[in-house]
Amino acid sequence: MVTASDQLSVTFSALADPTRRSILGELSKGERTVTQLAEPFDVTMPAITKHLKVLERAGLIERGQKAQWRPCRLNAQPLQAASEWIELYRAFWEVSFARLDDCLDEMQNQANTNPNRKSQSKGNQ
Amino acid sequence: MPLKLTTPSDTEIHIERVFDAPVAFVWRAFTEPEIVKRWLTGPPGHTMPICEIDLQVGGKWRYVWSMPEDEMEAHGAYREIVPLEKIAHTETFCQWPDNETTVTTAFMEDAGKTTVLMKIKYDSRETRDAILQTPMEQGVEMSYCNLDELCA
């Protein structure tokens with residue numbers, strides 16, 4: 001079973017590459033063949049194929065079943081026409097809120113150990 | 001605990017998350033600059049060197065994030081403030097000075113836990129897509145961390 005943190009890692013990894021982000025940008029305009037996707041970049045076909053596999057593993061694109069050059073399409077979310085940025089946005093807030101959980105724990109611990117202390121933060125962290 | 005993200009329309013995003021703390025603490029974490037800059041940083045490696053909050057109707061706020069190779073800034077003004085309950089503010093990212101979004105954040109406490117519901121409203125779908133793609137890209141560009149620690 002893929003945990004939430006596994007999926008975040010996979011999503012971040014897939015998107016942390018400018019070539020892959022450009023590929024996704026291109027696909028947002030419609031289906032493309034591998035050749036079409038490789039065109040704007042000064043990289044080899046195997047390199048593009050590798051990028052596509054990373055994106056496919058992250059669930060961000062899927063391949064059609066046509067002939068030699070398989071078209072790649074963006075994975076459509078079941079309930080909305082969202083693209084990869086939704087997952088990225090979610091990941092940003094997941095990580096930030098996880099950090100907020102820690103902050104809140106600290107704040108409550110401080111309040112418990114210093115019952116006479118004023119609740120105003122002195123901002124000395 | 002995971003957050004819940006929904007898109008009720010093409011121009012809105014809702015984010016809901018429950019925190020294991022009374023609302024007094026959560027409110028402070030969202031409104032006191034020294035606390036905000038500790039958590040609202042996204043992927044590790046970012047910091048927030050500037051966090052200015054003038055928490056009153058018409059008051060302005062400004063955040064500046066620092067990343068290894070770049071900087072990002074957002075700012076806005078507060079439209080409505082109901083202490084411990086609700087904040088409505090505008091938000092503009094420096095990269096898109098013409099696109100302003102409206103964010104309403106509601107805080108609801110129940111049995112010592114606080115649910116935060118953020119409603120983010122964009123002026124058009126293109127704005128939403130454009131804004132959300134690039135800052136997040138920059139966030140992702142850098143180290144994707146050991147998320148197991150944070151998401152445990």
Side-chain angles (χ1 to χ4, degrees), chain A residues 3-22 24-25 28-29 58 74 77-112 118-125, chain B residues 1-10 13 15 17-22 24-26 28-30 32-44 46 51 112 114 116 118 120 125 128-152:
Chain A
T3 66
S5 63
D6 289 344
Q7 189 51 50
L8 281 177
S9 294
V10 171
T11 303
F12 274 131
S13 302
L15 293 164
D17 178 280
T19 305
R20 291 199 281 270
R21 291 199 300 276
S22 296
L24 285 171
S28 69
K29 301 172 194 166
L74 282 179
Q77 294 286 332
L79 298 178
Q80 65 222 16
S83 54
E84 75 288 353
W85 57 257
I86 276 279
E87 290 309 313
L88 205 36
Y89 195 62
R90 184 201 306 270
F92 173 88
W93 284 105
E94 290 275 19
V95 177
S96 294
F97 283 153
R99 221 190 299 272
L100 175 52
D101 282 334
D102 291 342
C103 278
L104 289 168
D105 281 346
E106 245 180 83
M107 287 164 75
Q108 291 181 91
N109 286 339
Q110 276 184 2
N112 288 338
K118 275 190 191 292
S119 68
Q120 285 300 318
S121 165
K122 300 270 192 226
N124 58 356
Q125 295 286 340
Chain B
M1 38 191 111
L3 60 81
K4 202 164 72 175
L5 187 154
T6 54
T7 52
S9 75
D10 266 358
I13 295 181
I15 293 183
R17 173 54 148 88
V18 179
F19 295 95
D20 206 356
F25 291 98
V26 181
R28 283 181 53 207
F30 272 78
E32 288 181 20
E34 290 307 310
I35 307 179
V36 171
K37 57 166 61 168
R38 280 162 53 197
W39 65 270
L40 189 54
T41 50
H46 286 197
C51 179
T114 302
V116 175
M118 286 190 315
I120 301 136
R125 181 160 174 256
R128 182 186 74 172
D129 291 353
I131 284 187
L132 290 179
Q133 202 163 16
T134 306
M136 298 308 129
E137 280 178 16
Q138 289 171 348
V140 159
E141 179 99 51
M142 47 144 322
S143 63
Y144 26 91
C145 55
N146 194 347
L147 286 168
D148 291 321
E149 290 168 46
L150 292 175
C151 298

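Just so you know, these numbers use all the heavy atoms, side chains as well, and skip hydrogens, waters and symmetry mates. All values derive from a computational prediction rather than experimental measurement. Naming: A, B, ... by sequence-line order, numbering from 1 per chain.
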Between B:R28 and A:L104, does the side chain to side chain contact (heavy atoms under 4.5 Å, CB included) criterion hold? Intermediate values first, please. CA-CA 10 Å; B:R28 283 181 53 207; A:L104 289 168; over 6 Å; no
Stepwise, does the side chain to side chain contact (heavy atoms under 4.5 Å, CB included) test hold for A:R99 with B:L40? CA-CA 8 Å; A:R99 221 190 299 272; B:L40 189 54; over 6 Å; no
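Listed by chain and number, the residues in a side chain to side chain contact (heavy atoms under 4.5 Å, CB included) with A:C103 are A:L100, B:R38, B:W39 (sequence neighbours excluded). A search for side chain to side chain donor-acceptor pair (under 3.5 Å) contacts involving B:D20 returns B:K113, not counting sequence neighbours.
To the nearest 0.5 Å, atom CD of residue A:Q110 and atom CZ of residue B:F25 are 9.5 Å apart.
Ring geometry, A:F97 versus B:F19: the interplanar angle exceeds 60°, so the pair is classed perpendicular (tilted spans 30 to 60°).
Both the backbone and the side chain of B:V26 come within contact range of chain A, each with at least one heavy atom under 4.5 Å from a heavy atom of that chain. With a 4.5 Å cut-off on non-hydrogen atoms, B:I15 touches chain A through its side chain but not through its backbone.
In this structure, B:R17 and A:A98 approach most closely via the heavy-atom pair NH2-N, 3.9 Å. Taking every heavy atom of both residues into account, A:Q108 and B:P22 meet most closely at OE1-CD, 3.3 Å.
A:W93 has its side chain within reach of B:M118: a pair of non-hydrogen atoms, C-beta onward, lies under 4.5 Å apart. Residues B:H46 and A:V95 are not in side-chain contact: their nearest non-hydrogen atoms beyond the backbone lie 4.5 Å or more apart.
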